[in-house]
Amino acid sequence: MKTMIYIACLLSFMSGMAQHSVTGTVTDFNGDGLLGVTVAVNKTTNTVTTDFNGKYAINAKKTDTLVFKYLGYETQLLAVNNKKVLNVVLLSGQLDAVVVQGYRTTKAQRSTVASSTVRTETISNRPNASMVQTLNGQVAGLNIQSSNGQPGANSTVQLRGVSSLKYNTEPLVIIDGKPVDEDTFRGLNPKDIQAVEVIKDASSTAIYGNRGANGVIVVTTKKGNYKSHHNTPEPEIVNESYKEIVENPFETSLLKPLSTFSIDVDKAGYSNIRRFINNGQQIPTDAVKIEEMINYFNYSYPQPTGDVPFSINSEVVQTPWNKDSRLVRIGLQGKTYLNEDLPASNLTFLIDVSGSMGNANKLPLLKQSFKLLVNQLRDQDRIAIVVYAGAAGVVLEPTKGSEKEKIIAALDNLQAGGSTAGGAGIELAYKLAAQNYQQDGNNRVILATDGDFNVGMSSDKSMEALIEKKRESGVFLSVLGFGMGNYKDSKLETLADKGNGNHAYIDNLLEAQKVFGKEFGGTLYTIAKDVKIQVEFNPSLVQAYRLIGYENRLLAAQDFVDDTKDAGELGSGHTVTALYEIIPVGVKSTYATTLPDLKYVANASNEQFNDELYTFKL
């Protein structure tokens, strides 16, 4: 009997020690999968992270506890027991402490950063040295060499043994919280310095973002408010270009009752501005496209019913910033199709591999992003890859989507170098897409670049004419922007608009997950072409109105019924939101223009429609 009890206890103990696979999905409160959540068996080194859909798999015993950690969310602990599936919803939580580093003064620091600090006394003991020479021999991993050995010659500064103070490869230099250029750093008077901190490991990017990839030199002056005498703009934005935006004015509904515009499903403006904020840079005025900021978010509009490809939603509320006006919201929700229900795709990746794409947030990020797309492909899909630098060429002939290893190997082999013949690349990509055209399929070129074309056709106007011609083939165009410093938003926006496609800016892998994961169908599959919106306001109830955003999408009233006029495309699952601010009749407002007496325009209201603010037409 004792033996039987012993065996039973032993079996029970062994079953508790046996490991089994636990799988699940980690989502936020909206139900969206979270990429990069740390899932660990408590008090062990057994750790995994979630993929771009929030899925994970880990081996654990039934007596174990799993710990789910993600920055900005509350940590959760769940007992395994006998469960093989553990799905987790993480809730946003308040941080116990916020350490503000980078472009602001740190009040308290509890993080571990691999850094070296040079203090005032070290600098003052070398009174005849330049700023660069002062650092020589003071910081491990910091190598300073004179370029030719002559007095006064420029020195080469290398951090972490890989980068130097040269264009596109220099460490980031921060003086009193502000990024500065190489000349400003070299011209700094050592007598004005309080301390110099050199950050050399991965913490440089954790704190300062992509700009710190080559290390960071943080200088604190004695006054703490250093101002450069150089008038050189920051190199990261000096060569970027954006279409000029002139904000929409209030229109008098009696004189102009019709407001007409093309839809815009692009979201590049939001992620691009996020990049400026994360880098501590001033945001260019024309980079702020209100409609792309608004359309970045999900508003949970209802799915369309029946055969209609979209639902229409509208509401009127008091304007948060003006008690005398009203805010009109108009929303479209495109029908969402499952990946397996989409038609077969004929995709041609058109990838910029010119020298300007060498930075970590360009070609390396691009390759990782495209791998997320490749993982979504099916056997019936076909992928080809065209690249361009000084010339264009095919690096992968059309390949089945199921041959993922072959496609990924082709991506991994891409290297940056040379000039940028974007026009030649577009010609070749469209030619290849046309040769493999799938009737009733999804035929699309996906262009990934920073937009800096400098060989052959390169102006916005010439590229626009080229794309307008190419779209006649029935091949759509998606445009993905990468990088900073020479980013040509105006050119990429034009290409997407004229190519019957969409435009996204990818600043990190999470954004790539959004574009190629959560919004895969909308990025690649169009359900409605040339979608135009026209709103007619009732002058008897609305004095004036203004469309918020969409400045680059305005159309003439007659364009609404002209099928030859190009407009925006709506993809699977896409939403479009437009906001109007209106001034009701009877409200005194500086935005409502006082009209002179009109002889030929009737001012009498039509009582048949005295309960209608506006009519929405699509």
Side-chain angles (χ1 to χ4, degrees), residues 339 342-354 357 362-416 418 420-449 453 456 463 466-467 469-482 492 495-496 499-504 506 512 515-516 520-521 523-526 571:
N339 187 16
L342 296 177
S345 291
N346 164 35
L347 304 178
T348 303
F349 295 169
L350 175 56
I351 299 176
D352 182 354
V353 293
S354 63
M357 293 292 290
K362 294 187 179 182
L363 187 58
L365 176 60
L366 183 158
K367 292 193 286 188
Q368 293 299 317
S369 301
F370 271 71
K371 289 176 185 178
L372 296 176
L373 186 155
V374 171
N375 287 330
Q376 304 279 332
L377 299 177
R378 306 157 300 178
D379 184 66
Q380 62 265 40
D381 300 324
R382 295 292 182 272
I383 301 297
I385 300 179
V386 173
V387 299
Y388 65 91
V394 178
V395 299
L396 182 70
E397 295 290 343
T399 302
K400 289 183 178 181
S402 57
E403 298 182 51
K404 293 178 173 50
E405 291 184 2
K406 182 178 179 180
I407 301 170
I408 290 174
L411 289 170
D412 285 336
N413 288 332
L414 300 181
Q415 302 293 328
T420 315
I426 291 173
E427 291 276 9
L428 182 56
Y430 270 90
K431 180 180 179 180
L432 192 60
Q435 289 174 351
N436 298 278
Y437 192 88
Q438 293 197 31
Q439 199 67 35
D440 299 324
N442 175 29
N443 300 278
R444 186 175 297 265
V445 171
I446 304 176
L447 170 61
T449 177
F453 305 154
M463 298 303 291
L466 173 62
I467 292 299
K469 181 180 178 181
K470 293 300 179 184
R471 76 180 180 209
E472 296 174 1
S473 66
V475 176
F476 291 77
L477 177 69
S478 290
V479 181
L480 306 177
F482 289 84
L492 300 189
L495 291 175
N500 286 344
N502 42 58
H503 173 208
I506 296 181
V515 172
F516 287 139
F520 176 79
T523 301
L524 298 182
Y525 181 56
T526 298

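Side-chain contact between R382 and N436 is absent, with no heavy-atom pair separated by less than 4.5 Å. Looking only at side-chain heavy atoms (C-beta outward), V515 and L372 stay at 4.5 Å or farther from each other. Between L342 and R378, some side-chain heavy-atom pair lies under the 4.5 Å cut-off. Within the 4.5 Å cutoff, the side chain of I467 has heavy atoms near those of the Y430 side chain. Residues L524 and I446 form a side-chain contact, since some pair of their non-hydrogen atoms from C-beta on lies under 4.5 Å apart. Counting heavy atoms from C-beta outward, I383 and V374 have side chains that stay 4.5 Å or more apart.
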Name each donor-acceptor pair under 3.5 Å that joins a side chain in residues 473-480 to protein atoms two or more places apart or in another chain, with its distance.
unit_1, atom_1, unit_2, atom_2, d
S473, OG, K470, O, 2.7
S473, OG, V475, N, 3.4
S478, OG, R444, NH1, 3.0
S478, OG, N502, OD1, 3.2
S478, OG, T523, O, 3.1

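Here the side chain of N443 pairs a donor or acceptor atom with the backbone of Q438 at under 3.5 angstrom.
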Open item on the list: Evaluate L347 against L373 for side-chain contact (heavy atoms from CB on, under 4.5 Å), listing each step before the verdict.
Closed with: CA-CA 11 Å; L347 304 178; L373 186 155; 4.2 Å; yes
- [ ] Take T526 and N500 through the test side-chain contact (heavy atoms from CB on, under 4.5 Å) and record every step on the way to the result.
- [x] CA-CA 9 Å; T526 298; N500 286 344; over 6 Å; no
- [ ] Would you sort out whether L366 and I351 count as a side-chain contact (heavy atoms from CB on, under 4.5 Å), showing the intermediate values?
- [x] CA-CA 9 Å; L366 183 158; I351 299 176; 3.7 Å; yes
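Between I385 and A410, the closest heavy-atom pair is CD1-CB, 4.0 Å. Taking each heavy atom of D381 and S345 in turn, the nearest pair found is OD1-N, 2.9 Å. For the residue pair S354 and A416, the shortest heavy atom distance occurs at O-CB, 3.4 Å.
Sorted by first then second residue, the side chain to side chain donor-acceptor pair (under 3.5 Å) pairs that include residues 392-410, not counting sequence neighbours, are D379-S402.
Screening V353, D352, I426 for a side-chain contact (heavy atoms from CB on, under 4.5 Å) involving Y388 leaves a single residue, D352.
Every residue meeting the ring pair (Phe, Tyr, Trp, His ring centres under 6.0 Å) condition with F370, not counting sequence neighbours, appears here in chain and number order: F349, F516.
Remark: D412 engages K371 in a salt bridge, criterion side-chain N to carboxylate O under 4.0 Å.
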